[in-house]
Amino acid sequence: MEGAMVSGLFIILKGVAKVFRTGINGREQIVRFAKEGEIVGHRGFGSEESYPIGAIALEEVLLCYFSKEHLKEALLNSAKFSFDMMLFYANELNRSESKVKKISQMTVRERVIDTLLYINRKFGTTDGYLNLLLTRKEYADYAGTTEEQVIRTLSSLKKEGLIGVRVKQISIIDLEGLKSEISQHNFFLGS
């Protein structure tokens with residue numbers, strides 16, 4: 001929970017969660033989506049005394065919990081584990097910096113396309129539809145825009161034949177067409 005005292009970290013064994021930070025006027029900014037095998041709560045370690053982010057399950061989630069004390073002991077006793085954690089944190093920092101860069105340099109349309117490509121890459125599809133069902137507000141909270149702009153952009157992409165929309169489900173019809181729209185940013189290649 002954002003603002004709660006740091007007690008440990010969690011590994012998602014099953015399910016999906018959205019990781020968020022509350023911004024100005026209580027507006028939620030989705031930082032990332034976490035799935036099976038990924039860590040949640042790691043941003044609370046270091047000099048932080050409270051979690052700077054929160055996470056909410058988007059479907060049933062099964063977690064494995066590691067207390068601060070157990071994690072500290074493991075880090076002190078295993079050079080390989082410490083090294084792997086260092087690489088994990090470096091990768092997380094790179095992803096965060098890339099997201100800040102893209103939000104500042106991409107148009108709203110490009111950010112919505114980038115979000116669709118991210119969801120497609122991370123969660124895949126079933127019967128042509130993205131495997132993660134999100135509300136338009138959640139797309140907006142991840143893309144750093146408004147729900148209205150997401151609705152307009154999705155409608156435009158649908159009219160252009162790049163995506164299909166069926167209620168909350170979205171299918172990507174022209175993956176290469178979407179990638180080409182943001183190719184100058186080279187962001188769709190990462191995780």
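FYI, the numbering just counts along the sequence from 1.
Heavy atoms only, all atoms of each residue included: D174 and G161 are closest at CB-O, 4.2 Å. Shortest non-hydrogen contact noted between V19 and A34 is CG2-CB, 4.3 Å. Of all heavy-atom pairs spanning I173 and G164, the tightest one is CD1-N, 3.6 Å. Summarising the geometry of Y142 relative to V31, their closest heavy-atom pair is CE1-O, 3.5 Å, with the distance given to 0.1 Å. Between Y129 and R166 the shortest heavy-atom distance is CE1-NH2, 3.5 Å. Here the shortest heavy-atom pairing between E181 and L162 reads OE2-CD1, 3.5 Å.
With sequence neighbours left out, S96 forms a side-chain hydrogen bond (donor to acceptor under 3.5 Å, both in side chains) with R43. In this structure T126 satisfies the side-chain hydrogen bond (donor to acceptor under 3.5 Å, both in side chains) test together with N131, sequence neighbours excluded. Not counting sequence neighbours, N94 has no partner by the side-chain hydrogen bond (donor to acceptor under 3.5 Å, both in side chains) test. T22 pairs by the side chain to side chain contact (heavy atoms under 4.5 Å, CB included) definition with E2, F20, not counting sequence neighbours. Remark: K35 engages V16, E38, K122, F123 in a side chain to side chain contact (heavy atoms under 4.5 Å, CB included) (not counting sequence neighbours). Shown here are the side chain to side chain contact (heavy atoms under 4.5 Å, CB included) partners of A74, two or more places apart in sequence or in another chain: F81. Take T145 and apply the side-chain hydrogen bond (donor to acceptor under 3.5 Å, both in side chains) test, not counting sequence neighbours, and it matches Q149. With sequence neighbours excluded, the residues forming a side chain to side chain contact (heavy atoms under 4.5 Å, CB included) with L63 are F10, I12, V61, listed by chain and number.
Judged by distance alone, with hydrogens and angles left aside, the side-chain atoms of Y65 form a donor-acceptor pair with the main-chain N or O of S7 at under 3.5 Å. In this structure, S78 contributes its side chain and L75 its backbone to no donor-acceptor pair below 3.5 Å. Side-chain N or O atoms of R21 include none that pairs as donor or acceptor with a backbone N or O of I53 at under 3.5 Å. In this structure, S50 contributes its side chain and A4 its backbone to no donor-acceptor pair below 3.5 Å.
From I39, atom CD1 reaches atom CG of L71 across 8.5 Å, with rounding to the nearest 0.5 Å. In this structure, the separation between CG on L175 and CG on L117 is 6.0 Å, given to the nearest 0.5 Å. Atom CD of E176 and atom OG of S180 lie 8.0 Å apart (nearest 0.5 Å).
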Note to self: Using the rule given for side chain to side chain contact (heavy atoms under 4.5 Å, CB included), can you reason through L154 versus L116, listing the C-alpha separation, both sets of side-chain angles and the distance that settles it, and then say yes or no?
What the structure shows: CA-CA 10 Å; L154 292 177; L116 292 171; 4.0 Å; yes
Next item on the list: Could you please spell out the steps behind the side chain to side chain contact (heavy atoms under 4.5 Å, CB included) verdict for F33 and L134?
Entry: CA-CA 11 Å; F33 295 95; L134 299 174; 3.7 Å; yes
Item checked: CA sep, side-chain torsions, deciding dist, call: E49, M5, side chain to side chain contact (heavy atoms under 4.5 Å, CB included) -> CA-CA 6 Å; E49 296 205 13; M5 296 303 292; 4.3 Å; yes
Notebook entry, point to check: side chain to side chain contact (heavy atoms under 4.5 Å, CB included) between V165 and I163: does it pass, once the steps are laid out?
Noted result: CA-CA 7 Å; V165 179; I163 67 168; 3.8 Å; yes
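Between R32 and R95, every side-chain heavy-atom pair lies at or beyond the 4.5 Å cut-off. The shortest side-chain heavy-atom distance between L178 and I172 falls under the 4.5 Å cut-off. For the pair I113/L157, a side-chain contact is recorded, criterion being any heavy-atom separation below 4.5 Å from C-beta on.
No more than 12 heavy atoms of other residues, nucleotides or ligands sit less than 6.0 Å from atom CZ of F66.
Pairs engaging residues 61-76 under the salt bridge (charged side-chain N to carboxylate O under 4.0 Å, His left out) rule: none recorded [sequence neighbours left out]. Among residue pairs with one or both ends in residues 125-145, those qualifying as salt bridge (charged side-chain N to carboxylate O under 4.0 Å, His left out) are K18-E138, R27-D141, K137-D141; sequence neighbours excluded. Residue pairs satisfying the salt bridge (charged side-chain N to carboxylate O under 4.0 Å, His left out) criterion with at least one member in residues 145-161, sequence neighbours excluded, are listed as follows: R109-E160.
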Kindly list each side-chain donor-acceptor pair under 3.5 angstrom involving residues 83-90, sequence neighbours excluded, with atom names and distances?
residue	atom	partner	partner atom	Å
D84	OD2	K80	NZ	2.9
Y89	OH	H42	O	2.8

